[in-house]
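What follows is a set of notes on a single structure, which appears directly below.
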2 protein chains.
Amino acid sequence: MNSTPAISKKKLPARNITDEQKLYDLADLFKVFGDSTRLRILYCLFSKEQCVKEIAQMLHMTHSAISHQLRYLKQNKLVKTRRSGQTIVYSLADKHVQTIFNQGLSHVSEGK
Amino acid sequence: MNSTPAISKKKLPARNITDEQKLYDLADLFKVFGDSTRLRILYCLFSKEQCVKEIAQMLHMTHSAISHQLRYLKQNKLVKTRRSGQTIVYSLADKHVQTIFNQGLSHVSEGK
DNA sequence: TTGATATGTGAATATATGTTCATATATTAC
DNA sequence: GTAATATATGAACATATATTCACATATCAA
């Protein structure tokens with residue numbers, strides 16, 4: 001995984017193409033949010049921007065696993081980066097990320 | 001799949017258990033939304049309640065595939081059912097479903 | 001340059017997931 | 001009861017996914 005952006009490959013019923021395609025894009029977006037490691041990474045970035053090493057330490061995971069997921073998050077435009085000397089600092093790409101996150105969280109929190 | 005509700009099985013870092021657990025529940029929620037077939041089924045249910053056969057016809061898919069996904073959606077409390085004679089009619093479980101759907105859709109629509 | 005540190009990445013592995021097929025269950029009509 | 005219709009489900013299969021491992025790349029300091 002992680003080598004290309006999420007792309008749904010199923011065939012469309014060839015009707016209402018635009019709306020249908022949006023559903024596939026939407027599925028891809030939720031797919032990115034549908035993994036606890038990625039959510040935990042995003043959660044780390046809510047408070048402040050962080051580098052790979054910091055996130056890896058916070059989550060007790062290898063830098064490799066984090067790096068793979070960060071690449072995936074970046075490909076799907078949920079995080080952005082800036083270089084600061086040796087380290088590359090990751091942060092949330094836009095406010096939508098936290099909005100969608102919180103929307104889901106409130107749903108989960110009130111026990112559906 | 002489809003035999004049990006989505007449950008993330010990864011081990012927790014044993015800190016802040018409550019919040020951490022919520023992240024796993026949240027990942028499971030997004031996982032349900034992260035498939036285009038399920039989104040298309042939900043989309044069918046936005047306008048009105050539908051039975052398996054109707055949905056299968058609308059999406060040009062087998063009743064089996066739809067039934068499996070509807071079971072998954074029901075297990076995760078996104079749809080509910082009522083029986084009407086021979087047919088079982090599915091509908092959205094609550095307003096949250098459409099809210100989360102639309103939240104993601106607006107994100108996708110404005111090109112991230 | 002060399003060494004140390006931070007991050008990236010391809011390949012391999014193990015697991016998870018979605019769909020199909022065949023069959024089972026449930027309701028209704030007769 | 002049987003037949004017809006609607007839905008459910010277990011098993012098998014193919015694909016997708018997340019993580020680990022080993023190694024590559026990049027920056028900085030001396």
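Note that the structure is predicted; figures quoted are calculated from it, not measured. Below, chain A is the first sequence line, B the second, and so on; all start at residue 1.
A/Leu70 places its CG atom 11 Å from the C1' atom of C/dG8, with the value rounded to the nearest Å. B/Asp28 has its CG atom 12 Å from the P atom of C/dA16, to the nearest Å. Atom CG in B/Leu73 sits roughly 14 Å away from atom P in D/dT9 (whole-Å rounding). We find that CD of A/Gln69 is positioned 10 Å from P of D/dT20, with the value rounded to whole Å. Distance B/Arg38 CZ to D/dA16 C1': 13 Å, rounded to the nearest Å. In this structure, NZ of A/Lys31 is placed 13 Å from C1' of C/dA16, rounded to the nearest angstrom. In this structure, the NZ atom of A/Lys53 is 8 Å from the P atom of C/dT7, given to the nearest Å. For the pair A/Ile41 CD1 and D/dA18 P, the computed distance is 11 Å after rounding to whole Å.
Contact annotation for A/Ser64: base contact, defined as any heavy-atom pair under 4.0 Å involving a base atom. The residue B/Thr62 sits close only to the backbone: its heavy atoms come under 4.0 Å of sugar-phosphate atoms, none of a base.
Judged by distance alone, the side chain of A/Arg83 and the main-chain N or O of A/Gly85 form a donor-acceptor pair under 3.5 Å. Between the side chain of A/Arg38 and the backbone N or O of A/Lys31 there is at least one donor-acceptor pair closer than 3.5 Å.
The base of D/dT5 sits within donor-acceptor range of the side chain of B/Gln86, with an N or O pair under 3.5 Å. No N or O donor and acceptor, one from the side chain of B/His68 and one from the base of C/dG18, sit under 3.5 Å apart. Between the side chain of A/His63 and the base of C/dA6 there is no donor-acceptor pair of N/O atoms closer than 3.5 Å.
Taking side-chain N and O atoms only, B/Arg83 has no distance below 4.0 Å to OP1 or OP2 of D/dA6. The side chain of B/Ser67 contributes an N or O atom lying less than 4.0 Å from OP1 or OP2 of D/dA8. Of the side-chain N and O atoms in B/Tyr72, none sit less than 4.0 angstrom from OP1 or OP2 of C/dT19.
Ring-plane geometry between A/Phe101 and A/Phe46 is classed as perpendicular, the angle between the planes exceeding 60 degrees on a 0 to 90 degree scale with a lower cut at 30.
Looking at heavy atoms from C-beta onward, A/Asp35 lies in side-chain contact with A/Gln69 at the 4.5 angstrom threshold.
Note on A/Lys22 versus A/Asp25: no salt bridge recorded, every NZ/NE/NH1/NH2 to OD/OE distance being 4.0 Å or above.
Between A/Gly85 and A/Gly34, it is A/Gly34 whose nearest contact on DNA chain D lies nearer the 5' terminus.
Distances from the side chain of A/Ala65 to the nucleotides D/dT20, C/dT19, C/dT17 place D/dT20 closest. You'll find that the side chain of A/Val52 is closest to C/dT7, out of D/dT7, C/dT7, D/dT9. In the set C/dT19, C/dG18, C/dT7, C/dT19 carries the atom at the smallest distance from any side-chain atom of B/Met61.
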